[in-house]
Every structure is written in C-alpha cells, then in structure tokens.
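Have a look at the structure below, then the notes.
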Amino acid sequence: MKIAVLPGDGIGPEIVAEAVKALQALDLRFELETAVVGGAAFEATGHPLPEATLKLAKAADAVLFGAVGDWKYDKLERALRPEQAILGLRKELGLFANFRPAICHAQLTDASSLKPELVAGLDILIIRELTGDIYFGQPRGRRSAPDGHFPGAEEAFDTMRYSRPEIERIAHVAFQAARKRGGRLTSVDKANVLETFQFWKDVVSEVHAQYPDVQLDHLYVDNAAMQLVKAPKQFDVIVTGNMFGDILSDAAAMLTGSIGMLPSASLDADNKGLYEPSHGSAPDIAGKGVANPLATILSAAMMLRFSLNQEEAATRLEAAVQGVLEGGLRTGDIASAGCRVVGTQAMGDAVAARLRAQR
Ligand code: NAD
C-alpha cells in the first residue's frame with residue numbers, strides 16, 4: 001500500500017504528522033513517501049504542484065493531504081498560488097467525487113451552533129461533484145491583471161456547464177452510496193433558474209431508473225441550505241454540483257461542532273483517492289500546536305476504507321477516535337466544560353495509544 005503524503009502549508013504538517021502516527025500504530029504495512037505541495041512547494045521549486053509531487057501522487061494507491069494556502073501568497077499570480085495545487089491534483093488525478101460526511105459525535109453536541117436535539121445523532125453524507133461546473137467553465141472575458149484582480153474593468157464572468165457523462169457518473173456514485181446507507185438521496189439543484197441545473201435534474205432522474213430501491217427527491221439549493229440548518233437529520237445522502245457542494249458542505253461542517261472534525265475523500269472512477277480534512281491551512285493557528293488533528297485522522301480512516309480495502313482497520317481507527325472523545329480529551333476548537341484540553345500532538349498520541357492497546 002503506497003501512500004503519497006503531502007502535508008502542505010500552515011497546520012498541514014502538524015495534523016498530517018498525527019495521521020501518519022495513527023496509521024503507523026495500526027500495524028499494517030505501508031510505504032509512505034512525502035513530497036512538498038502548495039506554498040511550501042512554491043518556496044522550494046517555484047511551483048505549487050511540482051512535477052515530482054504530481055508523479056508521486058499518480059504512482060501511489062492513495063494520497064494523504066494536509067492543507068495549502070497562506071494569506072502571504074494573495075498577491076501572487078493565480079496560477080502560482082498554493083490553492084492551485086489542490087485544483088491541479090483533482091484535475092490530473094480525475095478526482096470527480098468528493099465525499100464529505102457530517103457526523104455529530106454524541107460527545108460533541110454542545111460544540112454545535114445548533115440546539116443539541118437538532119444535531120444529536122446526525123449522520124449525513126454530502127457528495128459534491130468536483131471537476132465540473134462554474135469552477136472549470138471558461139472564464140471568458142476575464143482580463144485580470146497578473147495578481148488576479150480587475151483594475152478598471154467593467155465586467156467579469158465565468159460560465160457554468162455540465163456534460164451528460166459528468167452528471168451520470170456522479171449520480172451513479174451517489175445512488176450507490178445511498179444504497180449502502182439509509183437508501184435516500186436528495187439531489188440539490190437550481191433548476192428553476194439555471195439551464196445547467198434543469199439538465200442536472202433531468203439526468204439524475206434518468207439514472208434513478210437503475211436504482212429503484214433508492215428514494216430520490218430534488219431540492220433547490222436555497223431551500224436545501226435552509227433545511228440543513230432547520231432539520232439536518234431529515235437528510236441521508238445529498239448530491240450536488242461543485243459550487244453548491246462547496247457552500248453546503250461548509251454549512252454542514254458547522255452542524256457538527258468544528259470544521260476540525262470533518263474528513264473528506266475525493267475519488268476517481270477506480271476508487272483511488274485523495275484524503276484531506278475539510279478545513280484549510282488555518283494560518284492563524286499554524287505552529288502553535290493547537291490544531292485539531294482528528295479530521296485528518298478520520299480522513300486516513302476513509303483512505304483505508306475506500307482506496308486500500310482495509311475496512312477493519314478503518315473501523316478500528318474510527319473507534320479509537322471515538323474512544324478518545326469519550327475519555328474526555330478535546331482540542332481547543334471542541335472544548336467544553338469538564339473536558340481536558342490538549343494540543344495537536346497529545347491528541348494524536350492518545351489515538352495511537354488506543355490503537356496499540358487494541359492490538
Ligand atoms: P480555514 O479552514 O483554514 O480556517 C477557518 C477557521 O477554522 C480558522 O479560524 C482556523 O483556525 C479554524 N480551523 C481550521 N482548521 C482547524 C483545525 N484543524 N483545528 C482547529 N481550528 C481549525 O479557512 P480559511 O481561514 O478561510 O483559509 C486559510 C487558508 O486555507 C487560505 O489560504 C485558503 O485558501 C486555504 N484553504 C485551503 C484548503 C485546502 O487545502 N483544501 C481548503 C480551504 C481553505
């Protein structure tokens with residue numbers, strides 16, 4: 001099992017080190033190879049996604065990714081900014097399906113910004129299409145300056161588009177995921193206003209004919225946003241396009257208490273994937289040893305399950321995280337009364353110790 005480890009910037013190296021620690025405590029055989037990405041790669045090579053890093057990611061069975069970005073690169077030309085590395089990896093590796101589970105751990109209901117009864121037991125899965133939509137349409141008319149801004153411009157626009165095969169493949173992934181869970185899929189669109197999303201709705205409905213055992217419903221994105229904060233437990237699996245998925249999954253993140261708890265997987269057609277926490281590089285807390293490593297550790301569990309076929313190890317890792325939370329350990333972002341607040345390394349040590357104790 002060859003894993004490319006790309007820590008990146010900000011808190012990336014701190015949280016990835018703890019995920020690697022947890023993997024090593026599992027007593028499985030991994031070949032781990034680390035490479036620079038994002039701002040760190042720009043500093044070292046002049047490019048956020050160097051050829052050698054891309055080659056390593058392509059050759060590996062899975063990629064464990066930290067986070068990229070720092071405000072200090074905001075003045076750089078867009079193509080050289082750290083965030084281009086993650087967009088480039090998604091595109092080059094064909095990672096079209098982004099899985100973002102939003103699970104509210106029983107011990108963390110108080111950390112949510114919603115009332116505990118609305119989120120206790122929450123377990124939803126948002127599947128976001130990742131390589132199409134307005135983010136990859138033609139930025140026609142863009143005449144931005146090298147720093148990405150528009151001095152003196154009168155307009156700017158991006159084009160939204162989806163092709164039938166792009167919608168069909170994400171719909172199949174979503175129906176199959178729903179089949180393995182509660183059997184309910186909600187497709188989120190804006191078919192009342194956008195042609196692209198009437199097309200999306202039609203194609204998802206056509207694919208549904210192959211999954212009669214899954215219950216499908218459709219929701220406009222504005223209503224979906226409202227329902228997510230009104231009664232989030234009504235959902236099982238949500239599938240949506242790139243931009244709506246970007247926004248809704250961050251909203252769902254807060255339902256669970258902290259973005260520091262949320263893992264994600266981005267998969268290609270063969271289940272090879274890139275695994276990363278849902279949050280960014282958090283430059284405000286980088287180097288302080290306070291970042292929550294659990295989203296990255298839980299991303300490693302998703303990696304074991306989806307790309308490395310190690311379901312049993314994935315379950316053990318998730319159980320170890322659960323056990324540590326039950327034991328009352330918290331990083332600052334999920335702290336509550338009566339709990340012991342620890343730093344990044346101590347949290348990683350506790351998860352690894354639980355795994356070793358299970359052996
Ligand atoms: P962010 O997710 O990095 O941080 C938002 C807030 O959440 C901050 O207050 C931060 O301290 C906190 N936070 C995030 N992760 C945490 C953790 N593990 N433990 C405790 N607290 C945590 O989002 P941002 O501040 O908007 O962006 C910072 C940088 O990250 C930007 O350069 C942005 O472009 C980049 N970014 C990268 C990715 C990625 O690598 N995939 C994703 C999102 C943002």
Side-chain angles (χ1 to χ4, degrees), residues 5-19 22 36-43 48-49 53 57 63-76 78-91 93 95 98-100 108 111-113 128 130-131 135 148 242-243 245-247 249-254 256-266 273-300 302 321 325 329-336 341-348 351:
V5 180
L6 310 182
D9 308 320
I11 60 170
E14 301 167 48
I15 52 179
V16 166
E18 301 313 314
V36 286
V37 74
F42 176 76
E43 301 292 348
L49 182 57
T53 301
V63 179
L64 182 62
F65 189 92
V68 289
D70 194 299
W71 315 126
K72 72 179 178 198
Y73 300 111
D74 280 2
K75 288 268 179 245
L76 267 184
R78 198 173 287 277
L80 294 179
R81 289 191 202 161
E83 292 80 1
Q84 293 302 314
I86 188 70
L87 294 179
L89 279 165
R90 286 171 185 164
K91 191 156 176 269
L93 301 180
L95 306 173
N98 184 224
F99 280 51
R100 298 218 348 202
L108 301 183
S112 171
S113 43
R128 166 188 171 196
L130 208 55
T131 53
Y135 295 174
N242 203 345
M243 181 164 66
D246 192 0
I247 300 163
S249 54
D250 263 25
M254 274 326 290
T256 69
S258 170
I259 198 154
M261 290 299 301
L262 287 186
S264 82
S266 303
L274 181 146
Y275 299 84
E276 58 171 332
S278 297
H279 56 75
S281 56
D284 53 332
I285 56 167
K288 296 185 179 159
V290 297
N292 185 346
L294 294 180
T296 318
I297 292 175
L298 292 169
S299 301
M302 290 183 87
V321 169
L325 292 173
L329 234 51
R330 302 281 188 274
T331 42
D333 57 311
I334 50 172
S336 60
V341 176
V342 296
T344 312
Q345 282 185 16
M347 185 57 105
V351 173

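Position 1 is the first residue of the sequence; numbering continues from there. Remember, it's 1-based here, ligands and their atoms both numbered in the order they're listed. All heavy atoms count here, side chains included; hydrogens, waters and symmetry mates do not.
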Just let me know how [X] lines up against ligand 1, side chain, backbone, both or neither, with a heavy-atom cut-off below 4.0 Å.
X      : value
Asp284 : side chain
Ile11  : side chain
Tyr73  : neither
Val68  : both

Which residue owns the protein heavy atom closest to [atom], what's the atom, and how far is it?
atom                    : result
atom 34 (O) of ligand 1 : Glu83 OE2, 2.5 Å
atom 15 (N) of ligand 1 : His279 CG, 3.1 Å
atom 7 (O) of ligand 1  : Ile259 CG2, 4.0 Å
atom 29 (C) of ligand 1 : Ser281 OG, 3.2 Å
atom 42 (C) of ligand 1 : Gly280 CA, 3.7 Å
atom 41 (N) of ligand 1 : Glu276 OE1, 3.1 Å
atom 22 (C) of ligand 1 : Ile285 CD1, 4.0 Å
atom 19 (N) of ligand 1 : Asn292 N, 2.9 Å

Can you sort out the partners of Leu262 under side-chain contact (heavy atoms from CB on, under 4.5 Å), two or more places apart, ordered by chain and number?
Ala253, Thr256, Ser278
Taking Val37's backbone N and O only, do any of them form a donor-acceptor pair with Thr53's side chain (distance below 3.5 Å, no angle check)?
no
Verdict with reasoning, Arg90 to Leu274, per side-chain contact (heavy atoms from CB on, under 4.5 Å):
CA-CA 8 Å; Arg90 286 171 185 164; Leu274 181 146; over 6 Å; no
Please could you name the atoms of ligand 1 that [X] approaches to less than 4.0 Å, counting only its heavy atoms?
X      : answer
Gly69  : 32 (O)
Ala291 : 19 (N)
Asp70  : 32 (O)
Trp71  : 24 (P), 25 (O), 27 (O), 28 (C), 31 (C)
Ala67  : 40 (O)

[X] to [Y] - nearest heavy-atom pair and separation:
X      : Y      : result
Glu18  : Gly348 : OE1-CA, 3.3 Å
Met347 : Leu329 : CE-O, 3.6 Å
Arg330 : Ser336 : NE-OG, 4.3 Å
Ser299 : Pro277 : OG-N, 3.5 Å
Arg81  : Leu76  : NE-O, 2.9 Å

Residues 283-298, side-chain donor-acceptor partners within the protein, below 3.5 Å, at least two apart:
| from | atom 1 | to | atom 2 | distance (Å) |
| --- | --- | --- | --- | --- |
| Lys288 | NZ | Asp284 | O | 3.0 |
| Asn292 | OD1 | Leu294 | N | 2.8 |
| Asn292 | ND2 | Gly260 | O | 3.3 |
| Asn292 | ND2 | Thr331 | OG1 | 3.3 |
| Asn292 | ND2 | Asp333 | OD2 | 3.1 |

Is it true that Asp246 and Arg100 make a salt bridge, defined as a side-chain N closer than 4.0 Å to a carboxylate O?
no
Proximity flag Ala295 to ligand 1, non-hydrogen atoms under 4.0 Å:
no
Spacing of OG belonging to Ser266 relative to CD1 belonging to Ile86, to within rounding of 0.5 Å:
6.5 Å
Quick check: does Ile86 get an N/O under 3.5 Å from an N/O on ligand 1?
no
Taking atom 10 (C) of ligand 1 as the reference point, report whether a protein heavy atom occurs under 4.0 Å from it.
yes
Looking only at side-chain N and O atoms, does Tyr73 offer a donor or acceptor that is under 3.5 Å from a partner on Asp9?
no
